[in-house]
Engineer: 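To start, I am sharing the structure in question, which I have written as structure tokens.
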Amino acid sequence: MASISLRGVQKAYGDGAPVIRNVDLEIGENEFCVFLGPSGCGKSTLLRMIAGLEDLTDGDLSIGGKIVNDVPAAQRGVAMVFQSYALFPHMSVFENMAFGLKLAKTPKDEIDRKVREAARILQLEALLERKPKALSGGQRQRVAIGRAIVREPGVFLFDEPLSNLDATLRGQTRVEIARLHKQFAKASVVYVTHDQIEAMTLADKIVLLHAGKDTERYGSIAQIGAPLDLYHRPKSRFVAGFIGSPRMNFLPGKVASLDAQGVLVTLDHTGENVRVPVSGAGLQSAQPVTLGVRPEHLEFADASATTHAASSQDGVLARTVSLVEQLGEHSYVHLDQPGGAALIAKAPGNTRLAPGDRASLRVPRTACHLFTEDGFAAASLESVEHYA
């Protein structure tokens, strides 16, 4: 087992601006850590630096308490599973899985034992004599994972291992990887993906990375935390908009008043008021802000609820339905939003709402987030965890 520590890590190519900037990160023993972020944010580059396939421009990288900046990849005690499987086409499944052990001059009987045990775990026993071309995509990925398992490394590195699989196989293999991590709990896992479903279901810890100008301004890391921490307590509008599908609704407004109960926000274009239980520290009356609320937290109310909004702790929004996406178990209702993108709300799958209908939406105060002009979240006074 091995922990991983990055201190002031940066990566630049030539004289260009760093693509990885100011990364400070601790990944504990046995921890499943997911690097998540949009394309171009440096997820795979950061993983390859841990693997030893990319050099650090600045900073220190430690594995198991030892600085490994100049240690070759083969000596770092890590095993990597690539997006492209990277199997030798002329070798059988058994030979592919045994390749690293042969290079390490492991005794033949030990190789046979380890490969067959990994094949049993991965349900590959009947495929050991086949060549990669005779395997499905999911089977090839399991062979690549098996090749990593037999080395018994302290750290497993996965670089978007499911991106080449169809939706059904992605789901099945994701469950398999989660099960394997519990079975091989001595090893730490670092996993790269752009798919937030993979991140939310697999991770003990998510490292969400910025891209583009945000990286230059704030550094590479947008937020680190457990999956539900990022979902319930995003530190910025970027995090709030990236975590969750469909993305969080963002409604521009201005601070109407501040008191011990939080901040009263008046929405632009409509004049509707919503009270948000956040600290007013640093906020001023009439200051522009953005109200955030997730589609699954909006509640459809009786049309009469609008008249009682002033006496309620929750704001009520009146909107016209423009589109209904029916997905079976639930539906996503798109509603016209003056001056901006459509407002999206989650409804039961049997909703009778149709385009052109008028709908009232209650905005539960404890489900609201407030962001200032610089994109950062105001400090919350109440928890939204019970909306999970």
Side-chain angles (χ1 to χ4, degrees), residues 36 38-39 138 162-175 178 193-202 206 227-228 230-232 234 237-252 267-270 272 274 290-309 312 314-369 384-388:
L36 177 67
S39 297
L162 309 185
S163 59
N164 289 335
L165 305 181
D166 62 37
T168 301
L169 277 175
R170 276 203 306 272
Q172 293 173 351
T173 310
R174 185 176 70 239
V175 171
T193 184
H194 63 272
D195 185 331
Q196 62 173 284
I197 293 177
E198 289 178 33
M200 295 292 286
T201 55
L202 287 173
I206 292 177
L228 291 182
L230 272 66
Y231 177 83
H232 289 304
R237 179 169 170 168
F238 169 78
V239 177
F242 196 89
I243 299 293
S245 180
R247 64 176 301 192
M248 182 181 285
N249 294 296
F250 295 113
L251 309 177
L267 300 183
D268 293 348
H269 307 291
T270 66
E272 295 158 326
V274 179
T290 299
L291 173 72
V293 60
R294 297 193 183 280
E296 56 268 35
H297 293 162
L298 288 169
E299 300 171 357
F300 285 92
D302 294 334
S304 60
T306 306
T307 61
H308 303 297
S312 172
D314 299 328
V316 174
L317 314 180
R319 298 289 188 274
T320 300
V321 176
S322 59
L323 174 70
V324 179
E325 294 181 283
Q326 295 179 320
L327 303 177
E329 178 187 3
H330 58 266
S331 299
Y332 287 116
V333 181
H334 296 242
L335 304 109
D336 290 335
Q337 175 65 22
L343 185 73
I344 302 176
K346 186 177 181 180
N350 61 353
T351 182
R352 295 185 178 181
L353 288 169
D357 289 350
R358 194 70 173 167
S360 295
L361 295 157
R362 182 176 291 112
V363 186
R365 57 181 295 167
T366 52
C368 291
H369 302 265
V384 296
E385 285 187 1
H386 64 280
Y387 278 91

Engineer: Keeping Glu272 on the side-chain end and Ala318 on the backbone end, is there a donor-acceptor pair under 3.5 Å?
Structural biologist: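 Yes, Glu272 side chain to Ala318 backbone: donor-acceptor pair under 3.5 Å.
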Engineer: Distance from Asn249 atom CG to Leu343 atom CG, nearest 0.5 Å?
Structural biologist: 4.5 Å
Engineer: Specify the closest pair of heavy atoms between Pro338 and Thr270, including all atoms of both residues, with the distance to one decimal.
Structural biologist: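 Pro338 and Thr270 have their closest heavy atoms at CG-CG2, 3.7 Å.
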Engineer: If we only count heavy atoms from C-beta on, is the Phe238 to Pro38 side-chain gap below 4.5 Å?
Structural biologist: yes
Engineer: Please report the interatomic distance CZ(Phe250) to CG(Leu291), rounded to the nearest 0.5 Å.
Structural biologist: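 The distance works out to 10.0 Å.
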Engineer: Looking only at non-hydrogen atoms, find the nearest pair between Pro234 and His369 and report the distance.
Structural biologist: CD-CE1, 3.6 Å
Engineer: How about CG on Leu323, more than 12 heavy atoms from neighbouring residues, nucleotides or ligands closer than 6.0 Å, or not?
Structural biologist: yes
Engineer: Nearest 0.5 Å, what's the OG-CZ distance between Ser331 and Arg352?
Structural biologist: 13.0 Å
Engineer: Rounded to the nearest 0.5 Å, what's the gap from NZ on Lys346 to CD on Glu299? Could you check?
Structural biologist: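 So the gap between those two atoms works out to 13.0 Å.
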Engineer: Does Glu198 reach the main-chain N or O of Arg174 with its side chain, forming a donor-acceptor pair under 3.5 Å?
Structural biologist: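 A pair under 3.5 Å: no.
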Engineer: What I'd like to find out is whether the side chain of Leu335 reaches to under 4.5 Å of the side chain of Leu317, using heavy atoms alone.
Structural biologist: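 No, side chains not in contact.
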Engineer: Looking at OG1 of Thr201 and CD of Gln196, how far apart are the two atoms once the value is rounded to the nearest 0.5 Å?
Structural biologist: 10.5 Å
Engineer: Are Phe300 and Thr351 packed together at the side-chain level, in the sense that at least one heavy-atom pair is separated by less than 4.5 angstrom?
Structural biologist: no
Engineer: Has the side chain of Arg319 got a donor or acceptor atom that lies under 3.5 Å from a matching backbone atom of Ala342?
Structural biologist: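 No: the side chain of Arg319 does not pair with the backbone of Ala342.
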Engineer: Decide yes or no for Ile243 and Met200: does some side-chain heavy atom of the first lie under 4.5 Å from some side-chain heavy atom of the second?
Structural biologist: yes
Engineer: Any non-hydrogen side-chain atom of Thr193 less than 4.5 Å from a side-chain atom of Leu202?
Structural biologist: no
Engineer: Below 4.5 Å, heavy atoms only, C-beta onward: do Leu298 and Val363 meet side chain to side chain?
Structural biologist: yes
Engineer: Hey, do the aromatic rings of His334 and Tyr332 have their centres closer than 6.0 Å?
Structural biologist: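 No; Tyr332 has its ring centre 6.0 Å or more from that of His334.
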Engineer: Report yes if some heavy atom in the side chain of Asp195 is under 4.5 Å from a heavy atom in the side chain of Leu162; otherwise report no.
Structural biologist: no
Engineer: Please round to the nearest 0.5 Å and tell me the distance separating atom CG of Leu267 and atom CD of Gln337.
Structural biologist: 7.5 Å
Engineer: Closest approach of Ala359 and Leu353, non-hydrogen atoms and distance?
Structural biologist: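 Where Ala359 meets Leu353 most closely, the heavy atoms are CB-CD2, 4.5 Å.
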Engineer: Taking Ala301's backbone N and O only, do any of them form a donor-acceptor pair with Ser360's side chain (distance below 3.5 Å, no angle check)?
Structural biologist: no
